Amino acid sequence: MVNVWYPARDVWRHPRAEWMTAASLRALLESSGFDPDAVRAPLTAGHEGAPVRRAARRLPVVVYSHGAGSHRSDTTIAVQELASHGYAVVTVDHTYDGPVEFPDGRVTVREDAYDSTPWTYTRDVRFVLDQIGVLAAGGNPDVDRRPLPVGLGAALDPHRIGMFGWSKGGTATALTMGTDPRVRAGLSFDGPMLSQPRPTIDLDRPFMLMTAEYTRVTEPAVAEFWSHLRGWRLNVQAAGALHQSYGDNQWLVPQLARVIGMSDEELTGWIGTLDPARAVRIQQAYPLAFFDRHLRHRGHLLRGPSRSFPEVSFVA
């Protein structure tokens with residue numbers, strides 16, 4: 001299952017999209033130890049099936065890969081920001097490594113027998129890249145041949161593709177770039193870079209690390225991967241961030257905490273000390289700046305530390 005996010009028009013004719021389907025959210029809450037009846041899925045800024053807003057040229061494409069046990073909705077904050085600035089963003093569910101609901105109502109969850117290495121994620125993503133090519137050429141890769149949003153295929157630029165991922169998805173981003181030249185720029189949200197074999201091939205394409213717990217000091221695999229980056233590279237880190245801080249949990253868990261009576265100590269264990277509102281701005285600004293620089297050749301935020309983001313340091 002994938003979602004495709006893009007700049008849209010005539011959105012009032014189309015229903016708002018939920019953050020997750022009800023069945024997927026229930027499975028996610030149960031797997032995380034929360035009461036599945038405590039909350040409902042929030043609505044996103046997206047509208048299902050809306051036609052694509054026409055642009056002067058095709059849209060650059062960014063693919064997203066989630067972390068272990070997670071789901072394709074877990075960085076919707078960053079994804080919506082990219083789409084609102086003229087990107088098509090394809091978010092990928094890795095079936096059997098997290099909650100996924102299919103159109104027929106079938107729900108799959110994480111299974112111990114699943115081959116859960118980042119290389120499996122990479123195989124998933126490379127298949128999705130093939131389907132992006134089908135879409136861009138005017139085809140319909142939907143398995144049920146359901147009608148596509150008006151203008152979708154013609155809007156995608158298969159020659160300007162980036163990728164980012166959180167945790168295992170960050171590792172998968174590195175592996176995908178090492179095996180598939182279609183991905184021109186990669187970004188990792190605190191990826192541990194742990195896999196067998198490791199992502200040790202030299203990369204001459206741009207790559208950025210947004211680290212939190214898996215830093216080059218604490219995780220030798222991250223330091224080793226960094227040493228193989230031969231092109232443009234950057235490592236930034238937000239003070240007070242935990243592994244889950246670069247994602248929607250930073251915004252949603254504090255709201256859940258108020259509903260279920262979570263203690264301040266428990267909440268800090270989930271989101272760290274990085275202020276949620278500031279975390280949202282960081283998630284919006286830095287991925288956008290990265291893909292703008294390397295897929296559109298514009299922007300200046302990544303030239304050095306910014307007074308607008310005092311929490312973010314550039315790690316030499």
Side-chain angles (χ1 to χ4, degrees), residues 1-3 19-21 23-34 36 62-76 78-79 89-102 106-131 143 163-180 183 186-201 203 207 209-215 218-225 228 242-249 253 270:
M1 292 294 297
V2 303
N3 280 0
W19 184 66
M20 292 183 76
T21 67
S24 293
L25 179 62
R26 187 177 188 87
L28 175 66
L29 291 170
E30 289 176 341
S31 67
S32 302
F34 296 119
V62 176
V63 178
Y64 173 70
S65 174
H66 64 68
S70 196
H71 51 91
R72 69 184 188 274
S73 302
D74 66 7
T75 56
T76 298
V79 167
V89 188
V90 182
T91 59
V92 182
D93 261 334
H94 299 289
T95 312
Y96 304 119
D97 204 15
V100 184
E101 182 176 4
F102 288 86
R106 178 171 52 102
V107 177
T108 62
V109 295
R110 192 173 187 182
E111 296 186 3
D112 292 339
Y114 169 70
D115 180 16
S116 61
T117 73
W119 285 103
T120 300
Y121 278 26
T122 289
R123 288 191 290 271
D124 288 349
V125 169
R126 296 190 68 181
F127 172 79
V128 170
L129 292 175
D130 293 341
Q131 307 317 304
V143 68
M163 180 177 172
F164 77 112
W166 171 66
S167 193
K168 188 194 293 187
T171 304
T173 299
L175 296 175
T176 302
M177 285 194 69
T179 55
D180 199 315
V183 181
L187 165 63
S188 168
F189 282 170
D190 210 34
M193 302 303 165
L194 294 169
S195 66
Q196 293 297 331
R198 287 184 179 176
T200 55
I201 188 171
L203 287 180
F207 204 98
L209 301 175
M210 291 183 67
T211 51
E213 295 184 38
Y214 290 106
T215 69
T218 61
E219 180 49 68
V222 175
E224 182 180 6
F225 170 69
H228 287 276
L242 295 182
H243 184 54
Q244 298 187 92
S245 294
Y246 302 126
D248 292 356
N249 278 345
V253 172
W270 272 92

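Everything quoted here is computed from the prediction, not taken from an experiment. Both backbone and side-chain heavy atoms feed into the values below; hydrogens, waters and symmetry mates do not.
- Residues F225 and L203 are in side-chain contact: their nearest non-hydrogen atoms beyond the backbone lie under 4.5 Å apart.
- Between Y121 and the options T173, T171, D97, a side chain to side chain donor-acceptor pair (under 3.5 Å) holds for only D97.
- For the pair V2 and V92, the minimum side-chain heavy-atom distance is below 4.5 Å.
- Looking at heavy atoms from C-beta onward, V79 lies out of side-chain contact with R72 at the 4.5 angstrom threshold.
- Although no hydrogens or angles enter the test, the distance criterion places a donor-acceptor pair under 3.5 Å between the side chain of E219 and the main chain of A221.
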Exercise for review: Would you please test S195 and L175 for side-chain contact (heavy atoms from CB on, under 4.5 Å) and show each step?
Suggested key: CA-CA 9 Å; S195 66; L175 296 175; 3.9 Å; yes
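- Closest heavy-atom contact between F207 and M177: CD1-SD, 3.6 Å.
- No side-chain heavy atom of Q196 sits under 4.5 Å from any side-chain heavy atom of W119.
- Interatomic distance, OG of S65 versus CZ of F164, reported as 10.0 Å (0.5 Å rounding).
- With contacts defined as side-chain heavy-atom distances shorter than 4.5 Å, the pair E213/T218 does not qualify.
- Under the 3.5 Å distance criterion, the side-chain polar atoms of S73 are matched with a main-chain donor or acceptor of W19.
- With rounding to the nearest 0.5 angstrom, the OG atom of S24 is 9.5 Å from the CZ atom of F102.
- Listed here is the closest heavy atom pair of W270 and Q244: CE3-NE2, 3.5 Å.
- Scanning both residues, M193 and A174, for their nearest heavy atoms gives SD-CB, 3.8 Å.
- The CZ atom of R123 lies 14.0 Å from the CG atom of D180; values are rounded to the nearest 0.5 Å.
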Point to revise | Audit row: V63, V183, side-chain contact (heavy atoms from CB on, under 4.5 Å) steps and yes/no | key: CA-CA 9 Å; V63 178; V183 181; over 6 Å; no
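- Remark: the backbone N or O of A172 is paired with a side-chain donor or acceptor of T122 at under 3.5 angstrom.
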Practice item. Determine, step by step, whether L25 and L29 satisfy the side-chain contact (heavy atoms from CB on, under 4.5 Å) criterion, reporting the C-alpha distance in whole Å, the side-chain angles of both residues, the deciding distance to 0.1 Å, and the verdict. Key: CA-CA 6 Å; L25 179 62; L29 291 170; 4.0 Å; yes
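- Annotation for A27 and V109: closest pair CB-CG1, 3.9 Å, computed over non-hydrogen atoms.
- Here the straight-line distance linking atom OG1 of T95 with atom CZ of R106 works out to 8.0 Å at 0.5 Å rounding.
- To the nearest 0.5 Å, the span separating NE2 on H66 from CG on D93 amounts to 5.0 Å.
- More than 12 heavy-atom neighbours from other residues, nucleotides or ligands sit within 6.0 angstrom of OH on Y114.
- Here the OG1 atom belonging to T120 is positioned 13.0 Å from the OH atom belonging to Y96, to the nearest 0.5 angstrom.
- No side-chain heavy atom of N3 sits under 4.5 Å from any side-chain heavy atom of Y64.
- Closest of all the heavy-atom pairs between R110 and A68 is NH2-CB, 3.8 Å.
- Two residues are said to be in side-chain contact when any heavy atoms from C-beta on lie closer than 4.5 Å; V125 and H94 meet this criterion.
- In this structure, Y214 and L209 have side chains that are not in contact, with every pair of non-hydrogen atoms separated by 4.5 Å or more.
- Nearest heavy atom pair, residue G170 against residue S188, reads CA-OG, 3.6 Å.
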Exercise for review: For side-chain contact (heavy atoms from CB on, under 4.5 Å), just list the numbers for D74 and D248, CA-CA rounded to whole Å, side-chain angles, deciding distance to a tenth of an Å, and then say yes or no.
Suggested key: CA-CA 5 Å; D74 66 7; D248 292 356; 5.5 Å; no
